Amino acid sequence: MVIGDFVERKIRGLTIRIDRSLCISTGNCMKVAPEVFEFDEENICASKESPPDIEEEQLIDACTVCPVDALIVIDGHGKQLVP
Ligand code: SF4
């Protein structure tokens with residue numbers, strides 16, 4: 001789902017939101033979770049189309065390593081886990 005500069009998708013019961021306006025293209029998230037994140041044609045973080053096979057902990061780690069807090073994780077109860 002795309003909402004303005006945000007791209008949102010649900011993975012393993014977690015909502016992952018990418019704030020494309022903040023991403024500075026370091027690639028950190030992709031190093032930790034290449035199953036989920038990739039660069040789009042503008043070299044901004046995007047979510048891969050294919051349904052990822054990834055553990056929740058690895059997914060949260062991948063979002064935590066973003067240096068500009070462009071990756072937001074919200075659990076099934078609406079609690080924000082990252083950043
Ligand atoms: S870690 Fe953050 S800044 Fe780096 S590519 Fe991923 S979303 Fe963009």
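Start at 1 and go down the list; that is how both ligands and their atoms are numbered. Just so you know, these numbers come straight off a predicted model, no measurement behind them. Below, all heavy atoms of this structure are taken into account, side chains as well, without hydrogens, waters or symmetry copies.
- In this structure, Arg9 contributes its side chain and Arg17 its backbone to no donor-acceptor pair below 3.5 Å.
- Considering only non-hydrogen protein atoms, atom 6 (Fe) of ligand 1 sits nearest to Cys29 SG, 2.4 Å.
- Phe37 pairs with exactly one of Pro52, Cys29, Cys66 by the side chain to side chain contact (heavy atoms under 4.5 Å, CB included) rule, that one being Cys29.
- The hydrophobic clustering, which links ILVMFWY residues whose side-chain heavy atoms are closer than 4.5 Å, places Leu59 and Val73 together.
- Among protein heavy atoms, the minimum distance from atom 4 (Fe) of ligand 1 is reached at Thr26 OG1, 2.2 Å.
- Although no hydrogens or angles enter the test, the distance criterion places a donor-acceptor pair under 3.5 Å between the side chain of Lys48 and the main chain of Pro34.
- Taking 2.8 Å as the threshold, Cys23 does not count as a candidate ligand of atom 6 (Fe) of ligand 1, since none of its N, O or S atoms lies below it.
- The backbone N or O of Ile16 lies less than 3.5 Å from no partner atom in the side chain of Glu8, so there is not a single donor-acceptor pair.
- By the criterion of a heavy-atom distance under 4.0 Å, the side chain of Leu71, and not its backbone, is placed next to ligand 1.
- Residue side and main chain included, Met30 places no N/O/S atom under 2.8 Å of atom 4 (Fe) of ligand 1.
- Among protein heavy atoms, the minimum distance from atom 2 (Fe) of ligand 1 is reached at Cys66 SG, 2.3 Å.
- One N or O on the side chain of Ser25 and one on the backbone of Asn43 form a donor-acceptor pair closer than 3.5 Å.
- Close contacts of ligand 1 with Gly27, meaning ligand atoms under 4.0 Å from a residue heavy atom, involve 4 (Fe), 5 (S).
- At least one donor-acceptor pair closer than 3.5 Å links the side chain of Asn28 to the backbone N or O of Val65.
- The option from Asp69, Ile24, Asn28 that lies nearest to atom 3 (S) of ligand 1, judged by heavy atoms, is Ile24.
- Proximity to Cys45 (heavy-atom distance under 4.0 Å) selects the following atoms of ligand 1: 7 (S), 8 (Fe).
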